[in-house]
Amino acid sequence: MKSLYVCQLLFPLLVLGKFTPEDLLSAPRRGEAVPNRSGSHAVFHLSSYSFDTHSPSSSWNLLNLHNGDTTVLFSDPTVQEMVWLDDESLLYINGTNSDTKGGSELWIARRSRPGEGYKAASLPAYVSNLKTVSPSEKSVSFVVSALAYPNGTIYNSESAPKKLDTGLIYESLFVRHWDAYDKPEKSSLFSGVLSLDGDKFRLEKEIKNLVAGADGTIETPIAPFGGADDFDISPDGQTVAFVSKTPYLNPANHTQVLVYIVPFDGSSKPEPINLEGKDTSGDPLPKGAASFPKFSPNGDALAYLQMYINGYESDQNIVFVYRMDSSSITALWKPWDRSPGGLLWSGDGNTIYLTAESYGRVRVFEAHIDDDTPKEITAEGNIAAMHLLPSGDFLISRNSLTSSIGYFAFNPSSKRFKTLLLPTDVDLQLADLSKITVEDFSFDGAETKVHGFIVKPSDFDSSKKTRLAFLIHGGPQGAWTDSWSTRWNPVLFAEAGYITVAVNPTGSTGYGQAFTDAIQNQWGGLPYIDLAKSMEHLESTEEYNYIDFGKAVALGASYGGYMINYIQGMPLGKKFQALVCHDGSFASQNIYSTDELYFPQHEFNGTLWDDPENYSKWSPSAHIKNWGTPQFVIHNALDFRLPISEGLSVFHILQSLGIPSKFLTFPDENHWVLKPENGLVWHREVLEWINRWTEVRANRRTAKTAKAQTALKAQDKL
Ligand SMILES: *[C@@H]1O[C@H](CO)[C@@H](O)[C@H](O)[C@H]1NC(C)=O
Ligand SMILES: *[C@@H]1O[C@H](CO)[C@@H](O)[C@H](O)[C@H]1NC(C)=O
Ligand SMILES: *[C@@H]1O[C@H](CO)[C@@H](O)[C@H](O)[C@H]1NC(C)=O
Ligand SMILES: *[C@@H]1O[C@H](CO)[C@@H](O)[C@H](O)[C@H]1NC(C)=O
Ligand SMILES: *[C@@H]1O[C@H](CO)[C@@H](O)[C@H](O)[C@H]1NC(C)=O
Ligand SMILES: *[C@@H]1O[C@H](CO)[C@@H](O)[C@H](O)[C@H]1NC(C)=O
């Protein structure tokens, strides 16, 4: 029996029932499983939250790759990241420091006696994104990221001089990004060597900032979402490759990212490899965002992903390979119409395994260096992480609409997954999810076939009519996939008693680049037609007679929230008894209050001053006269992508027009609600709102809407 299961059986609340928001938010969240060299064991992180004690817990665990057994290594939250040092020992970041306030430490422990580890290094600040290579048994070369002052000195928030005022002054962009005001301290990479001294590893000399000498301001990993995939160490420990936005261009107005190479010991400054020039076929090098630098197993080559267009964050990723000896760059599999998000070299360096979204799933593709097109090798669920095992199998961390991340051994020849750990077997909160049916469906959209998912409640009965929850995704270049999420989880809505429909309209990713690109200058155009046609398709197809179209609600966040505000004034909105808009945009002319200016300039194909009609054309604010559907507006104060004034404007107008409406804000949340207690309130309030308008008879809405219409008419006369 698995140890985790034993732990959970001790929990007092054993009532098995429908999947609730508490279940979603308290269920264990597992990270990727990382195997040791021999492939016998893997480590993974697990975190969870208890609504009984109102406290989080987390642990590091060992997974036996032969039988799936798990054992707890650490349940101490100071253990923040962990990597295998050799087959038996683990190196971890200890987030405390016994000598320096605001510092951290590196510790080494044997996996068989995790509690008996020792301190190998004391670091002067908080560090993260630990990566290592071991060129010999006697030394470990590591790289970590940490904040640094513009002069390269590591930044310790505890010892930094305190300011007496809070003013922040800007003469260039960014002012703020995602959920933080821009500060002069940026993320940098630091390298260090641990050497064997007797029977213990010790830090040789102080860690060294590798990026400080570069021309211009370097930030790596790239905020706000960059991590350990933004850099790599060559297998011989001599070279570090990393990505950073190009220092020659304003980061708020451009997406161009350069790939840099620097000696591990920092003996010379980092140099970009892809600033300008041509690839081996004679084409100019791309100018868009680059990511995922990964050295080949023998260190001869560096693979990375890059987009061509500067200023477009959702352009197609192309795989490039840089040869260390000749500095040549080759573009691979260019005609392949998928945009990979991750890559993994095979042991012999002749194949690259790519992960890419395709028809609603993140799949693995096998791509031989000499082949024209990558071949799909996995079709199920959503691949969150993959590692090669010495046996030739992959250790896969995979989730789906009906399961959080589980672990599998995948055999690429038989294409079979062997289950090592399945959350629905071990997590009580997820026990009933195997009864849920997920269906793919497609219909004729505005210009082409469009794909979506239908998720049915576990107690679905086709002879009864069931309410409808219609979900609209954000991005807009994103997609509903067969994957797990603790925000906007379609299964949660299904288990609350709704047939949950999630459509991927024009602009969605995973259906070819042309489909993604086609949303430019079309925000309320093609995607709106696709969404309207999806409803017409469901209404007119006998198979879906089980849907109660008189009790239907639509919900969306970000671009999905924009679409909610847009359909509020459009015929599609009239099909719903209630709407929910989370952090959506309202007046497209206000969009320069966002953080990344390249985003609206690409989406609306011009600037607000040169092409103002492109912005006004699709603005929800242009159609207020048609509003009438009850709407719940949620907008968070730390959302710097779409400031709270967008949500406040919508709510103030709804209230002024007498349209039933509710407003929720979290002063401490950004574009997303991340804290479990806040997430619980979010879910309770959303379910309360949609239940309120679908449990009562439909004429209640008609009455309120009539009142709203009267209010509008009265206004007309002013
Ligand atoms: C891989 O790690 C496990 C757990 O530490 C260990 O039992 C096994 O021996 C390791 N493999 C080798 C080849 O040492
Ligand atoms: C973390 O570091 C502190 C300070 O050195 C030490 O007291 C503690 O035991 C360490 N914990 C672990 C799990 O390494
Ligand atoms: C770097 O800048 C910080 C902040 O201004 C300062 O405290 C530190 O002394 C500087 N370090 C060096 C080596 O100049
Ligand atoms: C951003 O790009 C636009 C379009 O090229 C340009 O007009 C504008 O001046 C740029 N803004 C900044 C802050 O560089
Ligand atoms: C408008 O879009 C076209 C096609 O994507 C592109 O070539 C052009 O540069 C864009 N213009 C502006 C001002 O964004
Ligand atoms: C939008 O911008 C493009 C490129 O500048 C222009 O051709 C087009 O006419 C503009 N207006 C509308 C309403 O699409």
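In this text, all values refer to a predicted model and were calculated from it rather than measured experimentally.
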Practice task
Apply side chain to side chain contact (heavy atoms under 4.5 Å, CB included) to Met563 and Leu531, showing your working.
Solution key: CA-CA 10 Å; Met563 187 51 88; Leu531 294 170; 3.7 Å; yes
Would you check if the distance from the ring center of [X] to the ring center of [Y] is below 6.0 Å?
| X | Y | answer |
| --- | --- | --- |
| Phe295 | Trp345 | no |
| Phe604 | Tyr615 | yes |
| Trp336 | Phe365 | yes |
| Trp178 | Trp672 | yes |

Once you measure the plane-to-plane angle for [X] and [Y], does it fall in the parallel (<30°), tilted (30-60°) or perpendicular (>60°) bin?
| X | Y | result |
| --- | --- | --- |
| Tyr359 | His451 | perpendicular |
| Phe441 | His537 | parallel |
| Phe410 | Phe394 | tilted |
| Tyr562 | Tyr566 | parallel |

Exercise for the section: May I have the step-by-step check of side chain to side chain contact (heavy atoms under 4.5 Å, CB included) for Trp480 and Val503, ending in yes or no? Expected result: CA-CA 7 Å; Trp480 294 109; Val503 172; 5.7 Å; no
Practice task
Evaluate side chain to side chain contact (heavy atoms under 4.5 Å, CB included) for Val321 paired with Arg323, printing each intermediate quantity in order.
Solution key: CA-CA 7 Å; Val321 172; Arg323 295 277 154 202; 3.9 Å; yes
Exercise for the section: Give a yes or no on whether Asn298 atom CG has more than 12 heavy-atom contacts from other residues, nucleotides or ligands under 6.0 Å away. Expected result: yes
Problem - Check ion pair Asp283-Lys334 (N to O, under 4.0 angstrom) - result: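 A salt bridge is present here (some side-chain N lies under 4.0 Å from a carboxylate O).
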Problem - Side-chain ion pair, Asp440 and Arg361, N-O less than 4.0 Å - result: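 Between Arg361 and Asp440 there is a salt bridge, with a charged N closer than 4.0 Å to a carboxylate O.
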Strictly distance-based, threshold 3.5 Å: is any side-chain N or O of [X] a donor or acceptor partner for the main-chain N or O of [Y]?
| X | Y | value |
| --- | --- | --- |
| Ser558 | Gly584 | no |
| Asn504 | Gly360 | no |
| His602 | Tyr312 | no |
| Asn670 | Phe640 | no |
| Asp444 | Lys449 | no |
| Thr355 | Gly342 | yes |
| Ser400 | Ser403 | yes |
| Asp639 | Arg641 | yes |
| Thr255 | Gly311 | yes |
| Asn399 | Ser483 | no |

Find the distance between [atom1] ([X]) and [atom2] ([Y]) and round it off to the nearest 0.5 Å.
| X | Y | atom1 | atom2 | value |
| --- | --- | --- | --- | --- |
| Leu468 | Phe493 | CG | CZ | 12.0 Å |
| Lys245 | Ile218 | NZ | CD1 | 12.5 Å |
| Thr506 | Gln520 | OG1 | CD | 13.5 Å |
| Thr500 | Ile454 | OG1 | CD1 | 10.0 Å |
| Tyr304 | Leu343 | OH | CG | 12.0 Å |
| Asp530 | Phe515 | CG | CZ | 5.5 Å |

Any non-hydrogen side-chain atom of [X] less than 4.5 Å from a side-chain atom of [Y]?
| X | Y | value |
| --- | --- | --- |
| Phe408 | Leu422 | yes |
| Phe443 | Thr541 | no |
| Leu538 | Ile499 | no |
| Met386 | Thr378 | no |
| Tyr407 | Leu65 | no |
| Ser534 | Phe470 | yes |
| Leu258 | Pro247 | yes |
| His387 | Glu32 | yes |

Problem - Residue of the set Ser339, Pro293, Pro340 for which side chain to side chain contact (heavy atoms under 4.5 Å, CB included) holds with Leu305 - result: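 The single option meeting the side chain to side chain contact (heavy atoms under 4.5 Å, CB included) with Leu305 is Pro340.
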Exercise for the section: Scan Asn614, Ile591, Thr607 and name whichever one has a side chain to side chain contact (heavy atoms under 4.5 Å, CB included) with Gln601. Expected result: Thr607
Can you name the closest pair of heavy atoms from [X] and [Y] and give their distance?
| X | Y | answer |
| --- | --- | --- |
| Gly31 | Ile405 | O-CG2, 4.0 Å |
| Asn274 | Gln306 | ND2-OE1, 3.1 Å |
| Leu526 | Ala518 | CD1-O, 3.7 Å |
| Asp279 | Ala331 | OD2-CB, 3.8 Å |
| Leu401 | Val491 | O-CG2, 3.0 Å |
| Ile564 | Cys581 | CG2-CB, 3.8 Å |

Compute whether any side-chain donor of one residue and acceptor of the other, for [X] and [Y], lie under 3.5 angstrom apart.
| X | Y | answer |
| --- | --- | --- |
| Asn411 | Asp393 | yes |
| Gln477 | Glu603 | yes |
| Asp230 | Thr220 | no |
| Thr280 | Thr330 | yes |
| Thr509 | Glu357 | yes |

Problem - Trace of the salt bridge (Lys or Arg N to Asp or Glu O under 4.0 Å) decision for Lys131 with Asp232 - result: CA-CA 8 Å; Lys131 256 190 185 174; Asp232 200 23; 3.7 Å; yes
Practice task
Apply the test side chain to side chain donor-acceptor pair (under 3.5 Å) to residues His671 and Asp179: give CA-CA distance (whole Å), side-chain angles for both, the deciding distance (0.1 Å), then the verdict.
Solution key: CA-CA 8 Å; His671 205 49; Asp179 58 6; over 6 Å; no
Exercise for the section: Test side chain to side chain contact (heavy atoms under 4.5 Å, CB included) on Arg37 and Trp84 and set out the steps. Expected result: CA-CA 8 Å; Arg37 216 170 295 164; Trp84 289 101; over 6 Å; no
Practice task
Please lay out, stage by stage, how Tyr322 and Ser327 fare under the test side chain to side chain donor-acceptor pair (under 3.5 Å).
Solution key: CA-CA 6 Å; Tyr322 172 82; Ser327 302; 3.2 Å; yes
